[in-house]
A.B. asks: 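Here it is: the structure, laid out below.
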There are 2 protein chains.
Amino acid sequence: MRYFVAVAEELHFGRAAQRLAMAQPPLSRAIQQLERRLGVVLLHRTTRAIALTEAGAVLLREARTVLDAVEAAERRTRRAAGGQPGVVLAAKAGASRELLSKLLDAYAAEPGSAAVEVMLCGPGEPESLLRTGRADVALLHRPYDTTAGFDTEDLHTEQQVVVLPKGHPLANRAHLSLVEVNAQADLPLPRWPGRDGSHPDGPGPQVRDHTQLFQLIALGLACAVIPESLRDQLRDDHAIVPVPDAPAVTTVIAWPPHSRSKAVADLVRTATRLQPTPAAAPTPA
Amino acid sequence: MRYFVAVAEELHFGRAAQRLAMAQPPLSRAIQQLERRLGVVLLHRTTRAIALTEAGAVLLREARTVLDAVEAAERRTRRAAGGQPGVVLAAKAGASRELLSKLLDAYAAEPGSAAVEVMLCGPGEPESLLRTGRADVALLHRPYDTTAGFDTEDLHTEQQVVVLPKGHPLANRAHLSLVEVNAQADLPLPRWPGRDGSHPDGPGPQVRDHTQLFQLIALGLACAVIPESLRDQLRDDHAIVPVPDAPAVTTVIAWPPHSRSKAVADLVRTATRLQPTPAAAPTPA
DNA sequence: CGCGACCAATACCCGTGCGGTATCGCCGCC
DNA sequence: GGCGGCGATACCGCACGGGTATTGGTCGCG
């Protein structure tokens, strides 16, 4: 499975073999064996390049979850034996700052609370940390993060705003629409790295964190649509305008299914009690 | 991992080896290697019997999900290559009968709908079918089924009722509480098989499906607490009484996370549009 | 149009590791 | 105290995974 994922990602036996620290021929054979075992063609080979078949794409997705599950199994087992009952909480650096500190305070005040180690990380990372067992619980943000495969509780929903350089012509508008924001060719939206660490193509600067982003905006090189709770991290050289038709962002607390940890359960309970989940009810048309 | 699950379930190397169709010594060594690789003691050995350590219990749970994921990967890949885009829907036999037929009719009327193969199965089964990729989508019933690890949409919530033999002294009551039901020593609750196929210990007859159950009740040998929508399957030799304090049962449609199948997505959309989800809002205290 | 470069597949070889058989050591039970 | 059950150890053989050398087919370039 590791082999197949490597080949499917590189689409090149030689490079995949290099990544796996092995020679190319055994890798070729291993994939052939896999195909024979499954009775399925996984790769279209054109001697010059290879491409995934439809079945291959399915297996790539499934194999990734298998490998994540294996990694999580090892890690969780080791940690269960370690004895220390601490809990690891992952959250995107900068996001939901106030909620996070409230949660930590409230949980620490609980009787019998365990030590909480907070991992602050880049966008998209908490998800994979949770999936591979490096974190026990995470704060995610729909619809940016995909919560598929986790148990979640909604904590907070908020509208998004666009951040503009101070003094921009649009900065005085009462609100903007998404199409208006996208139409600003002089202020492109930034490109965040994908889960593989590479940036998508397109206009706009590459950014890795909010500090970079806000600096670029202040310099008049970009704009960005962000949840409104991030406004307290802006300097006074920014302006914000609500974008009512941007999707609302929901902060959720997520944990792996089948988690039997008391600490995680307590943490989740504390989080849900923290706020009466304002605006949680979906507004019907 | 297969080895460890077998040993952990049997708690006996000999039987586990037999189940794995191998000899006992290699199995012992394999588990020892696993323990060394992880640097963790998984089993407490007392030469006479073995018991899981806490870490072992964690690994057992994790290993099961890994094995399920592997099985699902194989099956889904094979099916993706098979070409036929049909979708497999799993549901407990008898439960949500009306909802199921409505769903199938509505989906068949959709443009571009695929063939739906319905698997009717015993209690608890749909969950594992979904987890191992034998089914693409399932109807589950909280809180009986655990929906952990799946994406779900609530379809319907209903109260539960107790089914009594016709003419039973309690049959004329307007409602009963759970403690009153449990206190009926002459009418014990039945024992359903667990996910391993074995029945828990206790009083009460062993049952495998609703037909058995209803017959036993009619004979005055048991009673049962069931969702009220099952009442239309009862014969007239039964009586039902609402049990307001029994947990409400929610029928949900569940599918594996990361499912990219159009047919599954359509089916889910059809299901959610089927009914305006009556009584979906939780009633706050 | 032919030569060279690139890339996956094949041929062949070797070492490790997994599984099997035989046996031991330990404990509980009659 | 002897026997039986169970897990661990010792030793052996083979099969499979991985390495090196080479082939075969296809594209690009002169």
A.B. asks: Could you tell me how far apart B:Leu11 (CG) and D:dG7 (C1') are, to the nearest whole angstrom?
C.D. replies: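 From B:Leu11 CG to D:dG7 C1': 14 Å.
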A.B. asks: Got a sec: does the CD of B:Gln212 have more than 12 other heavy atoms crowding it under 6.0 Å?
C.D. replies: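 More than 12 within 6.0 Å, yes.
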A.B. asks: In whole Å, what is the span from the CZ atom of A:Phe13 to the P atom of D:dG18?
C.D. replies: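 So the CZ-P distance, A:Phe13 to D:dG18, works out to 14 Å.
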A.B. asks: Return the residues of residues 23-43 of chain A meeting this criterion: a heavy atom under 4.0 Å from some atom of DNA chain D. Order them by number, or give none.
C.D. replies: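 The stretch gives A:Ala23, A:Pro25, A:Pro26, A:Arg29, A:Gln33 as the residues lying under 4.0 Å from the strand, ordered by number.
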A.B. asks: Between A:Asp136 and A:Arg76, is the closest basic N to carboxylate O distance under 4.0 Å?
C.D. replies: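 No salt bridge links A:Arg76 with A:Asp136.
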A.B. asks: Rounded to the Å, how far apart are B:Arg45 CZ and C:dG28 C1'?
C.D. replies: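 Nearest whole value for this atom pair: 20 Å.
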A.B. asks: Quick test of your reading of the model: are A:Arg37 and B:Glu74 salt-bridged, counting only N-O distances below 4.0 Å?
C.D. replies: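 The answer is yes: the pair qualifies as a salt bridge.
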A.B. asks: Between A:Lys262 and A:Asp266, does at least one N-O distance fall below 4.0 Å, as a salt bridge requires?
C.D. replies: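 A salt bridge links A:Lys262 with A:Asp266.
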A.B. asks: Might you work through the side-chain contact (heavy atoms from CB on, under 4.5 Å) test for B:Glu9 and B:Arg19, ending with a clear yes or no?
C.D. replies: CA-CA 11 Å; B:Glu9 281 179 359; B:Arg19 202 170 99 181; 2.8 Å; yes
A.B. asks: Using whole Å, report how far OH of A:Tyr3 lies from C1' of D:dC16.
C.D. replies: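 It works out to 12 Å between those atoms.
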A.B. asks: Based on the rotation axes of five pairs at each end, what angle does the helix from C:dC1-D:dG30 to C:dC30-D:dG1 bend through, to 10°?
C.D. replies: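 The helix from C:dC1-D:dG30 to C:dC30-D:dG1 shows an end-to-end axis angle of 20°.
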A.B. asks: Using whole Å, report how far CZ of B:Arg15 lies from P of D:dG5.
C.D. replies: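 So the CZ-P distance, B:Arg15 to D:dG5, works out to 13 Å.
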A.B. asks: Can you tell me which residue among A:Val41, A:Val40, A:Leu59 is in a side-chain contact (heavy atoms from CB on, under 4.5 Å) with A:Glu35?
C.D. replies: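 The residue from A:Val41, A:Val40, A:Leu59 that satisfies side-chain contact (heavy atoms from CB on, under 4.5 Å) with A:Glu35 turns out to be A:Val41.
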